[in-house]
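Below: the structure, in structure tokens.
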Number of protein chains: 2
Amino acid sequence: MSAYRQFCPLALASETLTQRWMLLILRELCAGARRFSDIHRGVPGIRPTLLKKRLDTLEFAGIVARPTRGTGSSKPAYALTTAGEELRPVLAGIAGWGQRWARDVRDDDLDPGWLVWTMHRRLNTALMPQGRTVIQICFSDAPAHQRSFWLVCAEGDVEVCLKPPRFDVDLLVTSRVRALAEVWRGLRPLDSELRCGRIRVEGAPKMRRAFPSWLLLSPYASIERQV
Amino acid sequence: MSAYRQFCPLALASETLTQRWMLLILRELCAGARRFSDIHRGVPGIRPTLLKKRLDTLEFAGIVARPTRGTGSSKPAYALTTAGEELRPVLAGIAGWGQRWARDVRDDDLDPGWLVWTMHRRLNTALMPQGRTVIQICFSDAPAHQRSFWLVCAEGDVEVCLKPPRFDVDLLVTSRVRALAEVWRGLRPLDSELRCGRIRVEGAPKMRRAFPSWLLLSPYASIERQV
DNA sequence: CGGTATCCCCGTCGATACTG
DNA sequence: CAGTATCGACGGGGATACCG
């Protein structure tokens, strides 16, 4: 993207921030992603080549730093600088506006894999039973290769598996993609979806009752949509 | 720009907002521009074709409305909807971040015409003498065709002229482009630039003394730069 | 003033394959 | 895991000219 040739602070900020994929990459970094592959999982549409290029641009702009660079450490990582941290409220502002006013989602936008990936960072593990909890999410209307996902929760950590883990499933959640996505977005309350059967939960009664408390929704779910 | 295919509110908002020129067009609308040519003067780099296309996109997205559309009125105008008004704090957030953290401006970015255009909306006409006040701005290092501009202030209204108006000049301000731009951006105080002669003001003593109070700076001038 | 029409270039991005 | 190399196509957008 060539520059705007204006010294307005909005124009200067835009040069970097409005490049394609940039805000989504920053969203992942704000959400705590540090490794290349984790950032990529949160922005699956981008090619690795381009992701690398964007990360280099962010580093050059002083928004991202690579703490381990040059240390020979085997764990490359990306981190937000102070300038990057200050983008948090900016992104929150854009997202908040999007929650209120952006277009409706199309079926195209409903990527089940991404839904699970973004959910996995917003599970209240503190309320889960001791030890390991395995939740299987089954999307009844998804193509075979992204029908089922497994969330393995242990010691406050949540891992997303695309194949059945070797552990027993404690809770099976079945739903169409859109139904769960709309709950996630705060457009419908979970309990009403459970009551009318659009989302079903199977497992031990204790687990089933606790499930709604585990599921933290999108950070913007509480902002009321205007359109 | 093709869509991101994510139902994240940030992604949905980005689809429209991160299109090239979009934020600058919205900046002009937020600043009060209503007519096509006024928007264009604030974003001189864009082609009319593309500007029209972007405005249509904004209208389609519900951010801009055309109150006179279909009325046969001869004064076409663009206006922000409620959704558009709610972008104000979002743009202010991005610009505020830019003021603190964006790259330094290059000589390329120092368009004198744009500086005058953006200044003309931030003149404190209430403090000016009754009747008409004409300020000539002369950029000593600018190419001939954008060396001089005239601000004609009358009845609370400020007009930018590229050619000498038929009225006498009350105040002549001479400066290099960068010097005035840096004052505008809040990087240096005006009075020190006046004292050291990097910016010179000629005219009746009363006018000369009043001038600094007329010149409101960039809305972001008071935000301290961090880099 | 407020746009259109047309042409064409070049940079961006996507696809695929490969590597330390 | 964390990228790199190479290639090709597309389309956004820049330039110029024109119109009601």
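Chain naming here is simple, since letters A, B, ... match the order of the sequence lines and numbering starts at 1 in each.
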Checklist entry - Are any of Arg41(B)'s side-chain N or O atoms less than 4.0 Å away from OP1 or OP2 of dC1(C)? => result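 The answer is no; no side-chain N or O of Arg41(B) sits under 4.0 Å from OP1 or OP2.
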Next on the checklist: Whether Arg20(A) contacts dG12(D) is assessed here as follows: a side-chain N or O lying under 4.0 Å from the phosphate OP1 or OP2. Is that the case?
Outcome noted: no
Taking [atom1] from [X] and [atom2] from [N], how many angstroms apart are they, rounded to a whole number?
| X | N | atom1 | atom2 | result |
| --- | --- | --- | --- | --- |
| Trp21(B) | dG14(D) | CH2 | P | 6 Å |
| Arg66(A) | dA2(D) | CZ | P | 9 Å |
| Arg47(A) | dT4(D) | CZ | P | 16 Å |
| Tyr4(A) | dG14(D) | OH | P | 9 Å |
| Leu51(B) | dG13(D) | CG | P | 13 Å |
| Asp38(B) | dC1(C) | CG | P | 9 Å |
| Gln19(B) | dG12(D) | CD | P | 9 Å |
| Ile39(B) | dC1(C) | CD1 | C1' | 13 Å |

What nucleotide, of [options], holds the atom closest to the side chain of [X]?
| X | options | result |
| --- | --- | --- |
| Tyr78(A) | dG13(D), dG3(D), dC13(C) | dG3(D) |
| Arg35(B) | dA15(D), dG14(D), dC1(C) | dC1(C) |
| Ser37(A) | dG13(D), dC13(C), dC1(D) | dC1(D) |
| Lys52(B) | dA2(D), dA15(C), dG3(C) | dG3(C) |
| Leu50(A) | dG14(C), dG3(D), dA5(D) | dG14(C) |

Item to check | N/O donor-acceptor pair under 3.5 Å between Arg106(B) side chain and Phe7(A) backbone | outcome: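 It does not hold such a pair.
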Item to check | Residue closer to the 5' end of DNA chain D, Arg54(B) versus Pro48(B) (nearest nucleotide) | outcome: Arg54(B)
Checklist entry - DNA chain D: Thr49(B) or Lys53(B), which has the more 5' nearest nucleotide? => result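 Looking at the nearest nucleotide for each, Lys53(B) comes out on the 5' side.
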More than 12 heavy atoms from other groups under 6.0 Å of [atom1] on [X]:
| X | atom1 | answer |
| --- | --- | --- |
| Asp108(B) | CG | yes |
| Arg5(A) | CZ | no |
| Glu159(B) | CD | no |

Item to check | Test applied, salt bridge (charged side-chain N to carboxylate O under 4.0 Å, His left out); reference residue, Asp141(B); option that passes from Arg176(B), Arg178(B), Arg147(B) | outcome: Arg176(B)
